[in-house]
Amino acid sequence: MLQVAFIRQQTELVKERLAVKNFKELQLVDEIISLDDERKKLQLEWENTQSKLNASAKEIGALKAKGQNDEAETKKQEVATLKSSLQPIADRLAAVEQQLNDTIVRLPNLPSAKVPKGKTPEDNVTVREGGKKPSLHNGAVPHWDLAKKYNLIDFELGNKITGSGFPVYIGKGAKLQRALIQYFLDYNTAAGYLEVMPPHMVNEASAFGTGQLPDKEGQMYFVTEDKFYMIPTAEVPVTNIYRDELIKETDLPVKMTAYTPCFRREAGSYGKDVRGLNRLHQFDKVEIVQLVHPDKSYEVLEEMVNHVEKLLQSLNLPYRILNLCGGDMGFASAQTYDFEVFSAAQEKWLEVSSVSNFEAYQTNRLKARFKDSNGKNQMLHSLNGSSLALPRILACLLENNQAETGIQLPAVLHSYVGYTSIS
RNA sequence: GGAAGGUUAGCAUAACUGGUAAUGCAGCAGUCUUGAAAACUGCCGUACGUGUAACAGCGUUUGCAGGUUCGAAUCCUGCACCUUCCGCCA
């Protein structure tokens, strides 16, 4: 969430930037400031009263120590009236704080200056493209047909066991999935990311910390008995490693990578978009997360984009990088680059990675801070990206590399999968 | 799931017949020294809010949340976590 002090200092800038994100309720900004004014006033009132109470309690203690019990009793009477005035103030203070908090979490993050204006995906700006779209043979088919033909993935079986969107990977399909995970993790750790294996369920505080709550409650599977959320991305547990932590500046940057399955309810999705591997309720993803010095976060964002780009290049997949417009960005993000790969048989672009700088939006909720060289505590900046999401990569690998004779895999994967082609 | 004991500052320990958190180590500054260590002297305890140009100051903070009380580390209730034991178990 945004910091109140910042909203107070840069009120006009905040409104201007929120407008770029197509945020409509700009009056909330002024509401926050007046609520904060009210909070300060009440807090001062409460503190002054409390201070008097403390002093009186001390006096009573001193009087009793001297054996002046009558005077102590008189003093007690005085204190009783003072105390009765404290409770209403405390109640009002708590109410105002609650209201302030509820209001401020409704503000999305401010888009950075580099974010293009716009409302829909059509307004996203293509930064660059790479790789070459393959020309497929005449009988080329989408990946769901290939998966069936070569017995790599069984979608119907997943329907039976769980429901739609929970495919079963089989044989070479399963091996390929595992190999990709391994390859991605190796690639990330070689670039200095520490591998972690986090829990696949998180508590409410963690879901709130990275901004999934209260915004995207309906997107997550919820285990009612224990009040746990199935993670929609490794970003949630991994970033929460640093919740309520105060680290040294010399420990920066923090770089972590994790493989986890991701669970998404995807309520409301239907039709061609959800065919095959395009959109699943459970899928595998390797994530990269960084916590960095505020001065470095945009530099690091570019570094992460280059990191993901090279990974896609190594797989010989045609890709493009989009700078998302204000209206298409996530709630918590300050700037996001999406990576899309071209699915040659479906003839459409599929999102396989989303790399974002959250600046201090998540870390302010998480209270993830570092002590700077002046001894001041500052919020870290958090960033994350997929490196990479598996299903659509798998779909494109199958579709783009198909030939009459079978599917030829890119060279980097050969040692990981233990075979070179599927036929 | 059940029982007992525990949780105090970066670490370690006190206060627990209720009176406003004591001490050691660490840290910072200095004396001494060619330099360092040791010794000695002084300072500082965390975090949040408020406040300030920056300090200072003020309020809160003994795992968390409540309660009793003029006053709670201390008494009461609930919860979390740690240790040990029992039960269950890959």
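Lettering of chains follows the sequences in order, A, B, ..., and the numbering in each one begins at 1.
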Between B/G59 and A/Q43, is there an OP1 or OP2 to side-chain N/O distance shorter than 4.0 Å? no
Considering only nitrogen or oxygen atoms on both sides, find all protein atoms under 3.5 Å from nucleotides 51-55 of chain B and state each distance.
unit_1: B/G51; atom_1: OP2; unit_2: A/K40; atom_2: NZ; d: 3.4
unit_1: B/C55; atom_1: OP1; unit_2: A/K376; atom_2: NZ; d: 3.1

For B/G42 and B/C25, measure between their P atoms and round to the nearest Å. 13 Å
Is a donor from one side chain sitting under 3.5 angstrom from an acceptor on the other, for A/R243 and A/S206? yes
Electrostatic pair A/D154:A/K160 at N-O distance under 4.0 angstrom: no
Reckon A/R369 has a side-chain N or O less than 4.0 Å from the OP1 or OP2 of B/A47? no
How many angstroms lie between atom NZ of A/K255 and atom CD1 of A/I288, to the nearest 0.5 angstrom? 8.5 Å
Is any side-chain N of the basic residue among A/K75 and A/E59 closer than 4.0 Å to the acidic one's carboxylate O? yes
Scanning all shown strands, the Watson-Crick or wobble mate of B/C40 with both distances under 3.5 Å is B/G30
If B/C89 has a Watson-Crick or G-U wobble mate with both distances under 3.5 Å, name it; if not, just say none. none
Starting at the 5' end of RNA chain B and moving along, which residue's nearest nucleotide shows up first, A/D36 or A/K371? A/K371
By the 4.0 Å heavy-atom rule, please label A/L246 as base, sugar-phosphate, or nothing. sugar-phosphate
Please report the distance separating the C1' of B/G24 from the corresponding atom of B/A80, rounded so that it comes out in whole Å. 30 Å
P spacing across the pair B/A21 / B/A3, given as an integer number of angstrom: 36 Å
Partner of B/C64 under the Watson-Crick or G-U wobble criteria, both distances under 3.5 Å, comes out as B/G78
Could you tell me the Watson-Crick or G-U partner of B/A9, where both distances fall under 3.5 Å? Say none if there is no partner. none
So for atom NZ, which belongs to A/K15, do other residues, nucleotides or ligands contribute more than 12 heavy atoms lying within a distance under 6.0 Å? yes
P gap between B/C48 and B/C55, integer Å: 13 Å
Looking at A/K40 and A/D37, does any basic side-chain N land under 4.0 Å from a carboxylate oxygen? no
Quick check: are there more than 12 heavy atoms from other residues, nucleotides or ligands sitting under 6.0 Å from CD of A/Q313? yes
Strictly by Watson-Crick or wobble contacts shorter than 3.5 Å, is anything paired with B/A73, and which nucleotide is it? none
Please determine whether a side-chain nitrogen of the Lys or Arg among A/E299 and A/K296 lies less than 4.0 Å from a carboxylate oxygen of the Asp or Glu. no
Any side-chain N or O of A/S51 less than 4.0 Å from the OP1 or OP2 oxygen of B/G59? yes
Would you mind writing out the side-chain donor-acceptor pairs for residues 230-238 of chain A within the sub-3.5 Å range, not counting sequence neighbours?
unit_1: A/T233; atom_1: OG1; unit_2: A/E235; atom_2: N; d: 3.0
unit_1: A/T233; atom_1: OG1; unit_2: A/K285; atom_2: NZ; d: 2.8
unit_1: A/E235; atom_1: OE1; unit_2: A/N384; atom_2: ND2; d: 3.3
unit_1: A/E235; atom_1: OE2; unit_2: A/Q362; atom_2: NE2; d: 2.8
unit_1: A/E235; atom_1: OE2; unit_2: A/N384; atom_2: ND2; d: 3.4

Does B/U46 have OP1 or OP2 under 4.0 Å away from a side-chain N or O of A/N377? no
So, does A/K83 get its side chain near the phosphate of B/G71, meaning an N or O under 4.0 Å from OP1 or OP2? yes
What's the gap between B/C79 and B/G59 when it is taken at their P atoms, as a whole Å value? 35 Å
Rounded to whole angstrom, note down the P distance from B/A65 over to B/A26. 33 Å
Measuring only the P atom in each nucleotide, how far is B/A9 from B/A15? A whole number of Å is fine. 16 Å
In plain terms, say whether A/E31 and A/R106 are close enough for a salt bridge, that is, a side-chain N and a carboxylate O under 4.0 Å apart. no
Give me the distance, rounded to whole Å, that separates B/A37 from B/A54 when you measure between the P atoms they each carry. 36 Å
Contact class for A/K52 vs. all strands (heavy atom < 4.0 Å): base, sugar-phosphate, or nothing? nothing
List, with names and distances, any nitrogen or oxygen atoms from the protein found under 3.5 Å away from nitrogen or oxygen atoms belonging to nucleotides 17-22 of chain B.
unit_1: B/G19; atom_1: N2; unit_2: A/A57; atom_2: O; d: 2.7
unit_1: B/U20; atom_1: O4; unit_2: A/A57; atom_2: O; d: 3.1
unit_1: B/U20; atom_1: O4; unit_2: A/K58; atom_2: N; d: 3.4

Ion pair present between A/K117 and A/D123, side-chain N to carboxylate O less than 4.0 angstrom? no
